Amino acid sequence: MSRSLYGIIFLATLLGGLVHAASLPERNLTDFQYTGKRHSPEKVEQVLEMIQPLLPEAVQKAESLLEMVLDSERLDLTMADLPTGKRGLTRKMGVAGIDHPVLLVYIEPVLRGDFHDSEALLLTLTHEMIHVLVRQNIDHHDYKRLPEWFQEGIPHFLLGQTLDKMIVKVAIKYDNPYAVLGGFEGGHFALPEVTGGFFFAELEAQVGRQGMLEFINAVLATVSVEQGLEAVGILDAEMSDEERKSSLDVLWSGSRQRAHEAMESYTGAVAGPFFECMDLYNKGSRDKGISAIHCFEELISAHPGSYAADVSLYWLAKCHFRRRELEPALKWMEAFADCRLNYGLLDNSLYFRIRLYKDLGLQRKLEEACRQYLELFPDGADLAKVRKISNS
């Protein structure tokens with residue numbers, strides 16, 4: 001199929017969506033329904049007051065980035081409670097639904113500090129609105145057939161979130177940061193936010209912003225990544241299988257190289273020192289943790305603002321906790337709580353603050369922290385331990 005014919009298909013699809021949206025009465029995009037039972041009307045209202053003022057800007061930004069128009073009549077807004085018994089990183093928001101998208105906002109992450117500030121909250125709302133727009137332009141079952149790196153790569157690239165996702169994963173895999181690049185091999189499903197984000201960065205470098213948007217529309221129209229790449233000239237219908245594979249390999253190789261260079265610029269000076277500090281922490285019994293403390297302090301001083309310095313605050317606090325140096329431990333743990341990213345350690349850091357409040361006899365802070373954990377961390381790894389402390 002020629003590129004010009006794809007353009008006709010996309011234009012017809014887009015215009016159809018615009019006419020449909022324009023013909024419908026405008027609906028208030030702040031009409032949330034709360035489906036949970038765990039939180040009081042006051043708590044629900046508190047979340048609404050944080051979310052509602054940001055929705056118009058999130059929609060506007062998503063529409064501008066994708067050059068699509070959101071059909072508000074085909075979007076439901078829902079707030080819910082986090083599921084219990086979950087482990088690991090929990091979704092803060094999401095988009096579901098079959099007939100039309102449902103924006104799902106979980107109460108607890110908004111209240112407990114998963115979003116560092118209103119800008120972080122706006123960013124996540126915009127991310128989900130991009131998902132809404134994409135899903136409004138494709139059948140639900142066809143959307144589920146698309147690779148996850150495509151689904152997640154679009155908002156992560158357009159909003160500049162790819163690097164943050166990579167750095168969080170690097171911090172977790174500190175003993176082998178380059179494992180993060182393993183997602184670029186095979187089907188590119190591992191760490192789809194990273195592989196997809198850098199794929200779109202490489203694609204935009206080759207075909208420009210409009211070409212990238214044409215690719216997205218082509219994939220939504222044909223439910224085929226390869227036909228999308230044909231639409232922007234990366235592939236050609238006349239290519240042999242070997243030529244198509246070679247062109248795809250070049251594109252993914254460029255994406256991986258971009259990821260490698262980005263990671264190097266953020267980890268080159270700190271990945272090694274951070275690993276050394278963690279190694280000393282893990283062997284801390286040999287000198288009662290003194291070497292690890294000095295190592296983390298030097299890293300924080302030498303590389304302020306880096307992911308390694310951020311996470312070192314947490315581990316430095318745990319070094320002092322091991323040594324029963326409670327006040328320094330609390331100081332560093334509270335410093336970690338102020339970081340822009342929480343590196344998947346939000347509930348862990350609150351749990352250790354609870355233990356420190358208890359040991360330091362800070363009863364009022366202990367009661368409040370336990371209440372917050374029990375109310376807002378149904379997915380917390382230390383829920384049973386906090387419940388026991390609270391009841392003691």
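Quick caveat: nothing in here was measured; it's all calculated off a predicted structure. The basis for the numbers below is simple: all heavy atoms, side chains too, and nothing from hydrogens, waters or symmetry mates.
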Between [X] and [Y], is the gap from one ring center to the other below 6.0 Å?
| X | Y | value |
| --- | --- | --- |
| Y307 | Y343 | no |
| W315 | F296 | no |
| Y178 | H260 | yes |

Can you tell me if [X] uses its side chain to pair, donor with acceptor, with the backbone of [Y] under 3.5 Å?
| X | Y | answer |
| --- | --- | --- |
| Q227 | V219 | no |
| E67 | L213 | no |
| D382 | Y351 | no |
| N282 | M278 | yes |
| S312 | A308 | yes |
| S246 | E243 | no |
| Q33 | L77 | no |
| N391 | R387 | yes |
| D81 | K37 | yes |
| S265 | A262 | yes |

For side chain to side chain donor-acceptor pair (under 3.5 Å), just list the numbers for Q206 and E202, CA-CA rounded to whole Å, side-chain angles, deciding distance to a tenth of an Å, and then say yes or no. CA-CA 6 Å; Q206 294 194 26; E202 177 65 15; 3.0 Å; yes
Do [X] and [Y] touch side chain to side chain, with heavy atoms closer than 4.5 Å?
| X | Y | result |
| --- | --- | --- |
| T78 | L103 | no |
| L360 | L366 | no |
| H131 | Y143 | yes |
| L248 | I234 | no |
| L374 | S390 | yes |
| D379 | P83 | no |
| M79 | V47 | yes |

Quick one: salt bridge (charged side-chain N to carboxylate O under 4.0 Å, His left out) partners of R355, sequence neighbours excluded? none
Can you find a side-chain donor-acceptor pair between [X] and [Y] that sits under 3.5 Å?
| X | Y | answer |
| --- | --- | --- |
| S291 | D287 | yes |
| H39 | E108 | yes |
| E367 | Q363 | yes |

Regarding [X] and [Y], does a basic nitrogen lie under 4.0 Å from an acidic carboxylate oxygen?
| X | Y | answer |
| --- | --- | --- |
| E368 | R371 | yes |
| D241 | K245 | no |
| R353 | E334 | no |
| R112 | E375 | no |
| E152 | K165 | no |
| D99 | R74 | no |

In terms of relative ring orientation, are Y174 and F274 parallel, tilted or perpendicular, with 30° and 60° separating the classes?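 Correct class here is perpendicular.
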Specify whether F199 and W252 have parallel, tilted or perpendicular ring planes, treating 30° as the upper limit for parallel and 60° as the lower limit for perpendicular.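 Correct class here is tilted.
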dist L125:CG -> M129:CE (nearest 0.5 Å) comes out at 6.5 Å
Give, for atom NE2 of H303 and atom OH of Y266, the distance between the pair rounded to the nearest 0.5 Å.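 Reported to 0.5 Å precision, the distance equals 15.0 Å.
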Show me the pairs that pass salt bridge (Lys or Arg N to Asp or Glu O under 4.0 Å) and involve residues 119-142, at least two apart or across chains.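 Salt bridge (Lys or Arg N to Asp or Glu O under 4.0 Å) check on residues 119-142 returns D142-R145.
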Tell me, yes or no, whether the heavy-atom count around [X] atom [atom1], taken from other residues, nucleotides or ligands under 6.0 Å, exceeds 12.
| X | atom1 | answer |
| --- | --- | --- |
| Y34 | OH | yes |
| E264 | CD | yes |
| E57 | CD | no |

Could you tell me if R324 sits above the aromatic ring of F321, with its cationic atom closer than 6.0 Å to the ring centre and no more than 45 degrees from the axis? yes
Stepwise ring-ring contact (aromatic ring centres under 6.0 Å, His included) test for H140 and H100: CA-CA 8 Å; H140 169 77; H100 59 258; over 10 Å; no
